[in-house]
Structure formats: C-alpha cells, structure tokens
Peer 1: 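Just dropping this structure here.
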Amino acid sequence: MSDMSRVRLDDELNIDALPPGEISRLRIEIGHNALGAAMRLPVLVARGRKPGPVFGVTAAVHGDEINGIPVIHRLFNKLNPQNMRGALVAVLVVNLPGFHEHERQFSDRRDLNHLMPGRSDGNEAQLYAWRFMHRVARHFDFLVDMHTASFGRINSLYVRADMTHEATARIAYQLEPEIIVHNPAHDGTLRGAVRALGIPSVTLEIGNPLRFQQRYIERSLAGLRAVLSDCGVTPRRKPLKPKETVLCASSKWLYTDHGGLLTVLPGVTDFVRAGEVVGTLSNIFGDAIATYSAQSDGVVIGKSVNPVGRSGARILHLGEVVSQEHPFFRRETESVGAANNPGGQ
Ligand SMILES: [Zn+2]
C-alpha cells in the first residue's frame with residue numbers, strides 16, 4: 001500500500017504550479033535527518049478553477065494533538081475543487097518529529113508554538129519553524145490552526161482569537177465552537193506569527209490529546225465548511241441552525257499551592273460560581289489536605305485530568321463570560337471575503 005505515486009515532492013508551497021480544479025497531495029521538504037533522509041510535510045491542496053484566497057488549515061503543531069487530522073480528511077472527502085475559488089491548503093502534521101514520538105514538543109524538546117516565526121540561522125526547532133513559515137504559512141490569506149489540550153488535560157471545543165480584529169473575529173464566530181476566548185495573538189505562536197504578516201488567524205482547540213473524538217471532529221468540520229463558504233473559497237451554502245457559543249473576554253488558569261493527588265470537580269463547559277469548590281487535594285496517604293475554589297464566576301474551558309500534581313499544578317482553565325454587547329464581541333454583518341479581499345491566489 002502506497003500513496004507515493006500520486007504525491008508531488010516540492011521544496012515550497014507553489015499553488016500556481018498545481019492543476020486547477022483538482023486535489024493535489026504534496027510532500028514539502030522542510031529539513032533532513034542525520035542519515036540525510038528528507039523530512040517532508042504531508043500537505044493536501046484543493047485548488048479551485050477561479051482565482052481567490054488561499055485558506056490554510058494546520059494540524060499537529062504539537063505532535064500529540066491530532067484531532068485536526070481527521071477533520072482535514074473529512075473536509076477534503078466532500079470538496080469539489082471544480083466549483084471552488086482560490087485554494088484550501090491543509091498541513092496534516094506540522095511537527096513531524098513530535099508526531100512520530102506521540103509528543104507535544106519538537107525533537108530538541110522545544111515547543112514549536114513558542115518560537116514562531118523561527119530563525120533562518122537558528123537551532124533545530126528555530127530553523128524548522130522558520131522554514132515552515134517561509135515555505136508554507138506565508139502563502140496563506142487565512143489560517144485556522146488546530147490544537148487540543150496538552151497531555152494530562154482535557155479541553156472543550158474552543159477558539160482563541162483576537163476578537164478586536166474584524167476578519168479574525170468573523171472566522172471565530174463562523175466556526176461556532178462551544179466557547180470563544182478573546183486572546184490577542186502572542187509572539188511565538190503560529191497564530192501570532194501569521195497575524196504579524198497581516199493574515200487573519202485563529203486557534204481551534206479540539207478536545208483532548210492523542211484521541212480522535214467524533215463529536216468534536218464533526219462540529220469542527222461543520223464550522224470549517226461555514227468559514228470556507230463565507231470566505232468565498234467554496235460556494236455559498238444555506239446557513240445551518242446556529243449553535244450556542246459562550247463568549248469569554250479573558251481566561252485564566254487556577255493552580256494548586258501544594259503537591260498531592262488532585263480531583264477536579266466540574267466538567268468542561270460547566271459554569272461555576274465565585275467561591276464554588278472546584279478541586280480537592282489529598283496527600284499520598286489519602287488525607288484531604290486542601291480545597292480550591294473558583295475566584296470568580298466563569299465557564300470551564302479546560303481542566304486537568306491527571307491527579308498527580310506538584311505545587312503549582314494546573315487545576316482548571318476558567319473563562320470570564322461576557323455578553324455580545326461586550327466591546328470585544330461586536331458582531332459584523334459583512335462577509336470576510338467582502339470585508340478583507342486578499343486578492344488573487
Ligand atoms: Zn497545542
């Protein structure tokens with residue numbers, strides 16, 4: 001069994017070189033291992049017949065965060081590039097060494113999502129990040145970067161986005177996740193590096209690491225289909241019944257102040273009240289030694305499920321819930337395609 005006969009080997013994403021109206025499979029070279037074998041990113045491109053924006057979707061920047069991969073598979077299964085504009089580019093695995101090792105980090109134990117856009121003269125991870133930005137991500141006009149919770153934690157289906165940027169906010173709303181958290185793009189993340197190039201960009205957090213979770217995969221897929229249509233890449237579609245999305249103006253983690261065995265009480269997407277006990281800690285002999293309460297009202301975006309914690313262990317990730325009237329969450333009516341036409345492909 002091999003897919004190699006239908007795969008193009010490229011040094012850089014070059015959409016103009018791909019056949020219009022077709023789906024292409026690429027392996028884009030990003031470096032070499034010590035034996036001199038090329039490391040190649042697996043990439044799917046659906047190029048439309050007409051010019052239009054290049055929509056980028058990325059998965060597994062953290063190598064154990066894999067729910068985005070089946071989202072891409074299923075998205076491409078139902079695409080018809082004959083009636084598309086521009087292109088949809090999907091990088092199935094960004095962090096190749098991490099994916100091989102079922103690990104979040106890159107091969108040198110560094111976090112790729114803390115050192116974007118990398119350096120052309122940098123160390124292993126910096127060079128890899130720079131090449132990813134230079135050879136792939138800079139060609140995008142939009143980006144949805146798909147992650148999950150980290151090892152030992154679970155997440156809701158939520159989006160992190162700078163909701164004060166109109167085109168970025170539009171993508172976040174169209175994805176219709178369970179929760180949207182306003183979060184300006186930080187330096188070092190792929191989302192931040194891409195935003196610094198002027199490209200609307202959001203992070204989509206899809207549940208838990210090292211799992212394929214059908215319910216979240218299906219909801220992410222429906223959201224991405226809506227976004228692609230809204231950006232003009234795929235034909236207009238009838239809007240589905242809107243789903244409920246909780247809006248958060250900010251979020252913060254609650255931590256333990258002691259080591260021990262932790263139980264976190266609420267589930268993801270649960271609402272908690274200020275003062276409500278959300279976690280209990282026992283010592284190794286089974287005696288209760290501490291309880292932890294929410295400091296404010298909020299929604300549980302993510303939580304720890306690993307009971308074994310040192311002092312400062314993460315308990316839960318609490319979002320500050322606000323209404324649509326909040327200044328960060330002004331709804332716009334114009335489509336992204338019309339409001340921010342990136343022009344050409
Ligand atoms: Zn991640």
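As the structure lists them, so they are numbered: ligands from 1, and atoms in each ligand from 1. Side-chain atoms are counted along with the backbone in the values below, which use heavy atoms only and exclude waters and symmetry mates.
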Peer 1: Closest to the Zn ion (ligand 1), which N/O/S atom of H62 is it?
Peer 2: ND1

Peer 1: So which N/O/S atom does E65 have closest to the Zn ion (ligand 1)?
Peer 2: OE1

Peer 1: Measure from the ring center of Y128 to the ring center of F106 and say whether it is less than 6.0 Å.
Peer 2: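 For Y128 and F106, the ring centres are under 6.0 Å apart.
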
Peer 1: Nearest 0.5 angstrom please: L316 CG to K252 NZ, how far?
Peer 2: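 Between L316 CG and K252 NZ, I get 11.0 Å after rounding to 0.5 Å.
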
Peer 1: Check D10 with R27, please: is the shortest side-chain N to carboxylate O separation under 4.0 Å?
Peer 2: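 Looking at R27 and D10, the cut-off is not met.
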
Peer 1: Hey, which N, O or S atom on H147 ends up closest to the Zn ion (ligand 1)?
Peer 2: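 Sorting the N, O and S atoms of H147 by distance to the Zn ion (ligand 1) puts ND1 first.
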
Peer 1: Pairing donors with acceptors under 3.5 angstrom, does anything connect the side chains of Q105 and H62?
Peer 2: no

